[in-house]
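Right, one structure below, let's go through it.
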Amino acid sequence: MLINGYPDGPLVAGESLLDRPGFWSNHLLAMCGDGACAERPVPEWFGDDGADVDALSEVLFDPEQWPVFRVPAEDGPGVVVIYRNLVGDYGTDYLLTHPDRSRARRIAGREGDVSGIGLTWHQLVRIADHPSAGAEGAQDGAVRLLLLPLLADADLPEAARERITVALTATCAPQDTAATAAEHLLAHLERRSRHDPTWESPLSGSRTAGRRSGTP
């Protein structure tokens with residue numbers, strides 16, 4: 001797999017990892033607690049155990065293979081999520097892809113915390129709910145929503161918590177812990193929200209957020 005802007009990265013399709021035990025804990029657990037949460041997040045919130053998380057982390061963060069998760073959208077921009085396993089510069093990059101998938105640009109990244117412009121709840125749901133059936137990548141709506149911890153929206157609708165709870169349950173989180181995980185995820189995202197309605201939306205074509213650009 002080749003994405004311009006990542007010449008040193010041995011990129012590999014990561015979608016086969018989405019159903020592996022331990023994936024969602026690796027992808028989301030760190031976002032459930034940043035020191036402000038009284039309750040300590042645990043892998044069991046996502047239906048995982050510590051051994052599963054450790055085993056899959058060796059795959060997800062392998063410097064020799066950087067997993068890429070594609071979230072193509074119908075009739076609009078999609079997203080590519082890249083585990084940037086560069087020794088000394090580990091992180092996760094979120095690239096917004098052009099509708100014809102001819103180019104992509106970085107709109108956010110995570111090195112411990114999420115930084116960048118981010119998306120509104122409406123934009124996030126649009127991408128999650130409109131998969132491109134003819135393109136390779138994640139197609140399930142729950143998976144697509146949870147792959148994208150890009151929210152930078154201080155005005156979330158009440159339905160957001162229920163929607164994320166349902167998505168977590170659909171990806172094997174126990175029903176008795178899914179709501180707790182959803183609350184912690186949204187509390188974290190709301191604390192780092194800084195979406196200003198006067199900013200250029202990343203879906204508008206503005207290039208102010210781009211650090212890397214490329215062609216998936």
For P67 against N85, the heavy-atom pair lying closest together: CD-ND2, 3.7 Å

All side-chain hydrogen bond (donor to acceptor under 3.5 Å, both in side chains) counterparts of D48, not counting sequence neighbours: S25

Minimum heavy-atom distance between I127 and P77, given as atom pair plus value: CG1-O, 3.7 Å

Residue set satisfying side-chain hydrogen bond (donor to acceptor under 3.5 Å, both in side chains) with Q65, at least two apart, ordered chain then number -> none

For E183, give me all partners under salt bridge (Lys or Arg N to Asp or Glu O under 4.0 Å), at least two apart in sequence or on another chain. R161

Flag side-chain contact, heavy atom, 4.5 Å: L186 against L156: yes

If you take all heavy atoms of V143 and D140, which pair is closest and at what distance? N-OD2, 3.1 Å

Rounded to the nearest 0.5 angstrom, the CH2-CD1 distance for W121 and I164 is 4.5 Å

Excluding sequence neighbours, so at least two apart, what forms side-chain contact (heavy atoms from CB on, under 4.5 Å) with E44? V42, D49

Show every side-chain hydrogen bond (donor to acceptor under 3.5 Å, both in side chains) that has at least one partner inside residues 169-178, sequence neighbours left out. none

Go through the structure and list residues passing side-chain contact (heavy atoms from CB on, under 4.5 Å) with P10, not counting sequence neighbours. W66

What's the spacing between Y83 OH and N26 CG if we round to 0.5 Å? 6.5 Å

Report the relative orientation of the aromatic rings in W24 and H27; use parallel for angles under 30°, tilted for 30 to 60°, perpendicular for over 60°. perpendicular

Please tabulate, for side-chain N and O atoms in residues 50-62, each donor-acceptor pair with protein atoms closer than 3.5 Å (sequence neighbours left out).
{"unit_1": "S57", "atom_1": "OG", "unit_2": "V53", "atom_2": "O", "d": "3.4"}
{"unit_1": "S57", "atom_1": "OG", "unit_2": "D54", "atom_2": "O", "d": "2.7"}
{"unit_1": "D62", "atom_1": "OD1", "unit_2": "E64", "atom_2": "N", "d": "2.9"}

Test item: H130 side-chain N/O and R126 main-chain N/O as donor-acceptor pair under 3.5 Å: yes

Residues pairing under salt bridge (Lys or Arg N to Asp or Glu O under 4.0 Å) where one sits in residues 163-174, two or more places apart or in two chains, turn out to be D129-R163

Per the salt bridge (Lys or Arg N to Asp or Glu O under 4.0 Å) rule, what does the pair list look like for residues 13-27, sequence neighbours excluded? E15-R70

Which heavy atom of T97 sits nearest a heavy atom of V79, and at what distance? OG1-N, 3.8 Å

Applying ring-ring contact (aromatic ring centres under 6.0 Å, His included) to W45 and not counting sequence neighbours gives H184

Can L86 be reached from L95 by stepping across I, L, V, M, F, W or Y side chains whose heavy atoms are under 4.5 Å apart? yes

Among D93, V80, I82, find the one that has a side-chain contact (heavy atoms from CB on, under 4.5 Å) with R106. D93

Here the pair of heavy atoms bringing A182 nearest to L168 is N-CD1, 3.6 Å

Does L147 belong to the same Ile/Leu/Val/Met/Phe/Trp/Tyr cluster as L17, with side-chain heavy atoms less than 4.5 Å apart forming each link? yes

Would L146 and V166 show up in the same hydrophobic cluster when neighbours are defined by side-chain heavy atoms closer than 4.5 Å? no

Quick one: closest heavy-atom pair of F46 and P174, and the distance? C-CD, 4.0 Å

Nearest 0.5 Å, what's the CG-CZ distance between L29 and R40? 8.0 Å

